[in-house]
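Reading through the structure tokens given below for one structure.
Order of the sequence lines sets the chain letters (A, B, ...), proteins ahead of strands, with each chain counted from 1.
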Amino acid sequence: MNLFSEIEALVRDSLKALQARGALPEQLSLDRVGVEPPRDASHGDMATNAAMVLAKPAGLNPRDVAALLVEELLKSDAIETAEIAGPGFVNLRLAPALWLGLLPTILEQGTGFGDQTGAGKLNIEYVSANPTGPMHVGHARGAVFGDALARLLEKTGHEVLREYYINDAGSQVDVLARSALLRMRETLGEDIGSIPEGLYPGDYLIPVGQELAKNHPDLGSQDEATQVQVAKSVALPMMMERIREDLAALGVAHDFFLSEQSLHADGSVDKSLDVLDTKGLIYKGVLEPPKGKTPPPDWEPQEQTLFRSSDFGDDSDRALKKSDGSWTYFAPDIACHFNKVTRGYTQMIDVWGADHIGYIKRMQSAVTAISEGEASLEVKVCNLVKLMRGGEPVKMSKRSGSFITLREVVDEVGKDAVRFMMLTRKNDAPLDFDFDVVKDKSRDNPVFYVQYAHARICSVLRNARQAGFSEADVTDANLASQNLDPLKDPAEFALIRNLANYPRMLASAAEAREPHRVAFYLMELAADFHALWNLGKERLELRFLQDDDRAGNLARLALLRAAATVLASGLDVIGVTPEDEMR
RNA sequence: GGCCCCGUAGCUCAACUGGAUAGAGCGCGAGACUUCUAAUCUUGAGGUUGCAGGUUCAAGUCCUGCCGGGGUCACCA
């Protein structure tokens, strides 16, 4: 239970009381009544829009409704003042005891503060990078976003499965196999020259070639299909192993890996398309050329096997088979999502790169069709990451294979910095990742600024022990039982108010599927804390540790521990380690 | 041309899914500063939220149409 929902309940009770005694009409929906922090703290602690929302249906003017509500609310001990303001807001000032009461709650619940329950099962698929090479920084954003979203959804009560779909069946895997075979011949002493166009040039395939040479010495004499088959079976697990290691270095781990190959092998692709076929959603037909001024030069009308995705809001029907009769990528993707549905997931989230935006509608159409509307797919898109160093973009050339890998970035700046920075921008907006900023030790670096706030509080606690407080004095349990009345200053209450916002922030961030809000919240909370610290420079009575003021010190330590707890909790939601000390 | 995203202070971005006088940081102006853990602090200026309509008690937020930027557009992965 958080403070805002408590006060909201109080407002509703007051409104019901007014209805009961006939001051307001019986039939009045309270659905849109809300309580929120005012934008300007001088307006009070909380504000409700009740009067404005209810005025029209009640046939009254907003300020009259507000006057009734104010009178009723003031009957409660929780409300110190209630004032009508602006077009009909009711501004509330809470009894200080209510705010102070939040601190023991946080100290007792620890980093579990803000946890919610009962939000249901949910499947989130993210990364799903092709197993044809190491992950690059672009993948890092999807990985961090997906993982942070998964943590956020767990925090807010979902039972989450983190899924990775392995594209191990397409033609790019053949390219992988051929590239590995070339490396095998190289290992065996053949001069292969430069890597031909169309094959993967990266050095990371050399170990695969060595592995092939070592364990399949006769492979070169086999027919080509066999060679490719064997090379795949060796290369794919090695690539996936590498991907898992890279993800682990970022603190990302999936619960479930679904192989595309397995969907072909066990007939899942055929089966899921049969389901659509029996609903009459598959037909053979010819697509219109894409509308516009420049149709592709090689466009030819062609009969294809199509899915009626335009029945479900897509702009066009979509091909399931290529002109050569093999499956398009869409077909096994349908099977992949059908597989999730049959495993009992009706809430699905996919995290994709921005270049796949045009694919969203058809996939959602397919999910709706194949689940008869029972399941829903949300697709969250991650935009590009631009690496910056010394004010210049870091040059990356895919062709030469000299792209910056995820691992290089993590090794240089650490997983915490990568994770935090990836969440300093909305997921669908482009992001600059600036090495200079991330490595800076100043408030310009948000990672540093937030972690430093936590470390600084830990430091005050260490000082407290030096200053004569015992280990037992400074446990959260003991601090929670202290008299908190010495906390009086507006700056202290500003910090408390922001702590009270944490559960609401989590709920709205989860609902909007926007984990970056957690990062922004943490920056604000850190700013509030640092501001309080800085006030202590000028105003000695605000210093956390003061001589001959044991009661006051304990109360302030309780506040600091509560702040550290929420910082640690929020950092945990985005997968960043709360440091105890900055070195 | 269709669809999607974006347009907010000089710059980089917020704005808790419709709330009050649109907020931070950087930069700029002015001042303070051997500090409980330090990697600064205080304060000032700076805005017709791209434009024009509409819905609403209330619009940066929702709807429509323009303008400008980006992405994407049979079979590709």
Side-chain angles (χ1 to χ4, degrees), chain A residues 32 34 36-40 42-43 47 49 51-53 55-56 61-63 85-89 91 130 132 167 170-173 175 286-296 298-302 304 306 314-319 321-324 326 328-330 333 354-361 381 383-384 424-426 428-430 432 434 437 440-446 448-449 452 455-460 462-464 466-467 501 504-509 511-512 514 516-517 520-521 523-524 527 530-531 533-538 540 543-547 581-582:
Chain A
R32 295 179 56 215
E36 37 185 55
R39 198 179 291 241
D40 187 336
S42 69
H43 291 144
N49 60 356
M52 291 177 295
V53 173
K56 199 173 183 183
N61 116 19
R63 295 188 70 99
F89 282 101
N91 288 334
N130 287 336
T132 55
N167 288 120
S171 60
Q172 84 286 355
V173 182
V175 175
V286 179
L287 283 179
E288 296 286 312
K291 296 189 179 72
K293 285 199 165 182
T294 54
D298 55 344
W299 168 268
E300 300 169 15
Q302 218 153 23
Q304 294 172 303
L306 300 169
D314 199 0
D315 313 314
S316 162
D317 293 339
R318 303 293 177 177
K321 282 186 178 176
K322 299 183 209 169
S323 43
D324 68 0
S326 63
T328 64
Y329 251 69
F330 188 33
D333 280 350
D355 51 339
H356 289 71
I357 288 180
Y359 207 79
I360 295 176
K361 280 186 185 170
V381 161
N383 217 314
L384 302 174
T424 54
R425 203 105 311 167
K426 231 179 309 184
D428 56 1
D432 285 355
D434 192 326
V437 169
D440 190 24
K441 291 193 188 308
S442 81
R443 78 161 299 174
D444 299 342
N445 175 1
F448 173 80
Y449 194 61
Y452 182 38
R456 212 173 205 183
I457 292 173
C458 293
S459 165
V460 174
R462 283 191 293 271
N463 285 345
Q466 294 290 318
N501 240 331
R504 295 178 73 240
M505 181 281 299
L506 288 175
S508 61
E511 197 178 339
E514 290 185 349
H516 75 275
R517 292 193 198 183
F520 280 94
Y521 170 83
M523 290 189 263
E524 274 176 38
H530 287 303
W533 172 285
N534 288 321
L535 276 179
K537 289 182 183 176
E538 309 262 318
L540 298 183
R543 294 200 171 198
F544 302 130
L545 296 176
Q546 298 167 33
D547 294 340
E581 195 169 9
M582 302 302 280

*asked:* Could you tell me how far G47(B) sits from C5(B) if I compare only their P atoms? Round to whole Å.
replied: 30 Å
With a 3.5 Å limit on both atom pairs, tell me what [N] is paired to, counting Watson-Crick and G-U wobble, or say none.
N      : result
U56(B) : none
G7(B)  : C67(B)
U35(B) : none
G44(B) : C28(B)

*asked:* Check this for me: does the side-chain of Arg504(A) come within 3.5 Å of the base of C16(B) through a donor and an acceptor?
replied: yes
*Is any N or O donor-acceptor pair between the side chain of Asn91(A) and the base of A20(B) shorter than 3.5 Å?*
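Looking at the base of A20(B), it does pair with a donor or acceptor on the side chain of Asn91(A) (distance under 3.5 Å).
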Closest nucleotide among [options] to the [X] side chain:
X         : options                : value
Phe448(A) : C13(B), G19(B), A39(B) : A39(B)
His43(A)  : A20(B), G19(B), A39(B) : A20(B)
His516(A) : C75(B), C6(B), A15(B)  : A15(B)
Lys361(A) : C16(B), C3(B), A38(B)  : C3(B)
Ala319(A) : C3(B), G19(B), C75(B)  : C75(B)
Phe544(A) : C16(B), G19(B), C36(B) : C36(B)
Arg32(A)  : A38(B), A58(B), A20(B) : A58(B)
Lys426(A) : A74(B), U17(B), A15(B) : A15(B)
Asp444(A) : C75(B), G19(B), G25(B) : G25(B)
Ser442(A) : A39(B), A20(B), C4(B)  : A39(B)

_Are A14(B) and Phe520(A) stacked, with the base six-membered ring and the side-chain ring centres under 5.5 Å apart and planes under 30°?_
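No, aromatic ring not over the base.
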Does [X] have a side-chain nitrogen or oxygen under 4.0 Å from the phosphate oxygens OP1 or OP2 of [N]?
X         : N      : answer
Lys56(A)  : C57(B) : yes
Arg425(A) : C13(B) : yes
Lys322(A) : C76(B) : yes
Trp533(A) : A38(B) : yes
Ser323(A) : A74(B) : no
Arg543(A) : U35(B) : no
Tyr359(A) : U72(B) : no

*Give the rounded distance in Å between these two atoms: CZ of Phe89(A) and C1' of G19(B).*
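It is 4 Å, rounded to the nearest whole Å.
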*Take the protein atom CE of Met505(A) and the nucleotide atom C1' of C16(B), then report the distance between them rounded to whole Å.*
9 Å
_Please verify the inter-ring angle class for Tyr359(A) with His356(A); under 30° counts as parallel, over 60° as perpendicular, anything in between as tilted._
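Aromatic pair Tyr359(A)/His356(A) classed perpendicular.
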Which pairs, protein N/O on one side and nucleotides 22-24 of chain B N/O on the other, fall under 3.5 Å?
none

